[in-house]
Protein chains: 2
Amino acid sequence: MRFENLEKELKNRNINLSYQRLKILEYLAHNQCHPTVDQIFINIQKSITTLSKTTVYNTLKKLVEEGLVRVINIEDNETRYDIVTEDHGHFKCENCKTIFDFNVNLDSFSINGLDNFRILDKNIYFKGICPECAQVNEKN
Amino acid sequence: MRFENLEKELKNRNINLSYQRLKILEYLAHNQCHPTVDQIFINIQKSITTLSKTTVYNTLKKLVEEGLVRVINIEDNETRYDIVTEDHGHFKCENCKTIFDFNVNLDSFSINGLDNFRILDKNIYFKGICPECAQVNEKN
DNA sequence: ATACAAACTTGTAATGATTACAAATTAGGT
DNA sequence: ACCTAATTTGTAATCATTACAAGTTTGTAT
């Protein structure tokens with residue numbers, strides 16, 4: 001994902017330009033913290049006071065369809081969104097709930113039982129305790 | 001997961017025995033198709049006509065807490081449940097929606113960027129088209 | 001610049017899965 | 001057989017997401 005020209009990026013993907021769409025994409029590019037719909041909505045509402053949550057949902061749906069954004073489903077009650085960069089895994093700390101990225105070559109491991117399957121999308125995520133939370137726990 | 005004695009399996013995990021719990025666990029053991037709450041509910045209701053969906057939710061929550069059952073979150077609008085056997089990956093066909101298991105050694109790939117993270121749970125899933133659906137498409 | 005059709009945004013209402021809660025029932029130990 | 005604690009049940013509440021229709025904006029052709 002190149003950030004220099006998000007407008008062009010949208011046009012390339014047949015997504016018409018609108019102020020809201022650009023701001024949402026900008027937010028995702030500048031805040032790569034895997035935000036929820038609410039986080040996106042609340043933050044952009046500060047600059048676009050008339051923003052509707054429906055617009056956030058609609059735009060995210062479009063961005064996902066066009067491959068600019070990726071959905072992260074780790075917990076069943078919260079959907080998060082990630083601007084697509086390259087293949088990477090996600091680690092969610094069960095204590096502070098932060099989601100960290102990690103590098104992984106998704107083609108490196110040998111799998112067994114998927115002959116003749118057409119694989120279009122690979123996802124990997126871990127759960128556990130992040131270093132900071134682990135350190136705090138030790139002190140207790 | 002040994003299926004010979006599900007009652008004992010429950011007792012070992014400090015889960016009190018109840019008819020409903022046993023039937024739900026039995027269902028998961030005999031139908032390893034990654035069912036949704038609704039599928040579980042509708043099927044067991046046939047034999048326990050007074051069954052409440054709340055019981056299904058409560059029981060699944062308990063079974064997950066005690067590590068007998070695993071949650072599968074692939075799509076954000078459907079939670080599925082899987083009786084824990086060994087580490088394995090899931091493949092979801094985007095056409096027929098079936099979820100297939102595949103073997104993968106979750107310790108085999110090299111990851112980068114998780115030093116000092118305590119990893120408690122590893123998940124991997126792919127999406128794409130299964131062989132059957134791929135074949136049907138070719139004919140069109 | 002202007003006009004028009006198509007696309008986008010907005011707000012409200014509807015949907016659907018999950019959880020909260022309190023009363024009734026059941027299980028396990030004495 | 002009794003008693004307490006745990007479980008089940010049904011209804012109501014909650015929360016995220018989607019549907020929909022009206023109003024607004026955008027892109028294009030003139």
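By convention in this document, chain letters (A, B, ...) are assigned in the order of the sequence lines, proteins followed by strands, and residues within each chain are numbered from 1. When reading the values below, keep in mind they use all heavy atoms of this one structure, side chains included, and skip hydrogens, waters and symmetry mates. All figures in this text were calculated on a predicted structure; none of them were measured in a lab.
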Between C:dT10 (P) and A:K53 (NZ): distance, integer Å: 14 Å

Test applied, side chain to side chain contact (heavy atoms under 4.5 Å, CB included); reference residue, A:K23; option that passes from A:I40, A:L51, A:I44, A:L28: A:I44

Side-chain N or O of B:R21 closer than 4.0 Å to phosphate OP1/OP2 of D:dT8: yes

Flag side-chain contact, heavy atom, 4.5 Å: B:F117 against A:F126: no

Nearest to side-chain heavy atoms of A:Q20, which nucleotide of D:dT9, C:dC8, C:dT10: C:dT10

Interatomic distance, A:E65 CD vs C:dC8 P [rounded to whole Å]: 11 Å

Whether A:H34 and A:H88 hold their rings parallel, tilted or perpendicular, with breakpoints at 30° and 60°: tilted

Given D:dT8, D:dT9, C:dT10, the nucleotide with the shortest approach to the side chain of A:S52: C:dT10

Sugar-phosphate only, base, or nothing, as touched by A:T54 at under 4.0 Å among non-hydrogen atoms: base

Sugar-phosphate only, base, or nothing, as touched by B:D76 at under 4.0 Å among non-hydrogen atoms: nothing

Gap between atoms OH and C1', on A:Y57 and C:dT12 respectively (whole Å): 15 Å

5' priority, DNA chain C, between A:T50 and B:D38 [closest heavy atom]: A:T50

Side-chain heavy-atom pair A:I119, B:F91 within 4.5 angstrom cut-off: yes

Rounded interatomic separation in angstrom, taking CG from B:L51 and C1' from D:dT7: 13 Å

Length of the CD1-P vector between A:I44 and C:dT10, whole Å: 11 Å

Spacing between B:F41 atom CZ and D:dG10 atom P, to the nearest angstrom: 8 Å

Proximal nucleotide (of C:dC8, C:dT10, D:dT9) relative to the A:K62 side chain: C:dC8

A:L60 CG to D:dA16 P, straight-line distance once rounded to whole Å: 15 Å

For atom OH of B:Y19 and atom C1' of D:dT9, their distance in whole Å: 17 Å

Test item: A:Q135 side-chain N/O and A:E132 main-chain N/O as donor-acceptor pair under 3.5 Å: no

Touch class at under 4.0 angstrom, heavy-atom based, for A:T55 against every strand present: base

Upstream residue (5' side of DNA chain D) when B:N77 and B:N58 are each assigned their closest nucleotide: B:N58

